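For reference, the structure discussed in these notes is given below.
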Amino acid sequence: MSATSSSGRLTVTDIARQYADGRRIAMLTAYDYPTARILDEAGIPLLLVGDSLGEVVLGYESTVRVSISEMLHHVKAVVRGTEHALVVADMPFLSYGVTPEASVDNAGIFLREGGAQAVKVEGGVRSARTIEGIVRTGIPVMGHIGWTPQAKYGMGGKVRIQGKTRETARRLLADALAVQEAGAFAIVLELVPEQLAAALTERLSIPTIGIGAGGGCSGQVQVLTDLLGLSDFSPRHARAFADLRATISQAARAYAAEVEAGSFPGPAETVRMDDAVLEEAVGHGAMDRPREPLEVPLDRDL
Ligand code: KIV
């Protein structure tokens, strides 16, 4: 476990300690029980049940389609699969920022029903009040600025690096400071030029978690399907550390070939019974009858 030597579930205090010690923080997205278990055993301290779920697991064209109940279903699975990682639930589109009461209620659902230990909220200055309201109830919040996928349509629809001009860079600094001031324990910087991300990191006293924001952040986050080589399309900032697409495809083809050849299942995957008992039960050959008359119950008799 990289963030703490103690056992049990990590807290935001452990993440703050890792940041204060100058140790970079590795965060990954997770969406289901078996992979969450593997990532937890691998010592990944922060797991984000991202609303990228919508695109990479559920096949939607955008994250704005993801509902609270869909998120909750996957948050619960990831929480069940983890013992150590701090699980952050991404608040989906319109589950926050509409009214302060609804934002707090919905954040609470992810902790109370989902079992997550924190939530993530997109937006800088525009979400600061919302973050403040949620934090005030005792729920840890991770911010997210730069490219914010839920605002995709409002941001022109096309995925773009944010903060390249004097004006937009200054706006991002204001966003970062507003999120920190609102009480967030960490902040995701998505698609921000390396130098700007490093400058924001220097000016903040909470960890920055970069994705497409260069190596100067306090930590990094990657979408798991990109990391594992499972995505149809991989963004420039992602690196595949495995090629599971090829591995799964090879496994599926090998399985189908063995089924067709009759070599799967083999003796190792098969259970046998006493031949005498079989004969007593169903007779010797296909045309034979069992020794005792068979009573076939009909549906209505059950
Ligand atoms: O939904 C998600 O996976 C995210 C990460 C890209 C940070 O928000």
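Source: prediction; values computed, not measured. Atoms considered below: every heavy atom in the structure, side chains included; atoms not considered: hydrogens, waters and symmetry mates. Order of appearance sets the numbers: ligands from 1, and atoms from 1 within every ligand.
- Of all heavy-atom pairs spanning L172 and Q162, the tightest one is CD1-O, 3.8 Å.
- The contact set between ligand 1 and G50, taken as ligand atoms under 4.0 Å from a residue heavy atom, comprises 1 (O), 2 (C), 3 (O).
- The protein heavy-atom contact nearest to atom 2 (C) of ligand 1 is S52 OG, 3.3 Å.
- Linking ILVMFWY side-chain heavy atoms closer than 4.5 Å, directly or via other members, places Y153 and V98 in a single hydrophobic cluster.
- The distance criterion of under 3.5 Å between nitrogen or oxygen atoms is met by D90 with respect to ligand 1.
- Here the protein heavy atom with the shortest distance to atom 8 (O) of ligand 1 is K120 NZ, 3.0 Å.
- Separating the CG atom in L173 from the OG1 atom in T168 is a distance of 12.0 Å, to the nearest 0.5 Å.
- With rounding to the nearest 0.5 angstrom, the CG atom of L47 is 11.5 Å from the NE2 atom of H84.
- Ranking the protein heavy atoms by distance from atom 6 (C) of ligand 1 puts I211 CD1, 3.7 Å first.
- No donor-acceptor pair under 3.5 Å is formed between the side chain of Y60 and the backbone N or O of L53.
- Among all heavy-atom pairs drawn from V64 and Q150, the shortest one is CG1-O, 3.5 Å.
- Regarding atom 4 (C) of ligand 1, its nearest protein heavy-atom neighbour is L48 CD2, 3.6 Å.
- Checking only distances, D51 does come within under 3.5 Å of ligand 1, N or O to N or O.
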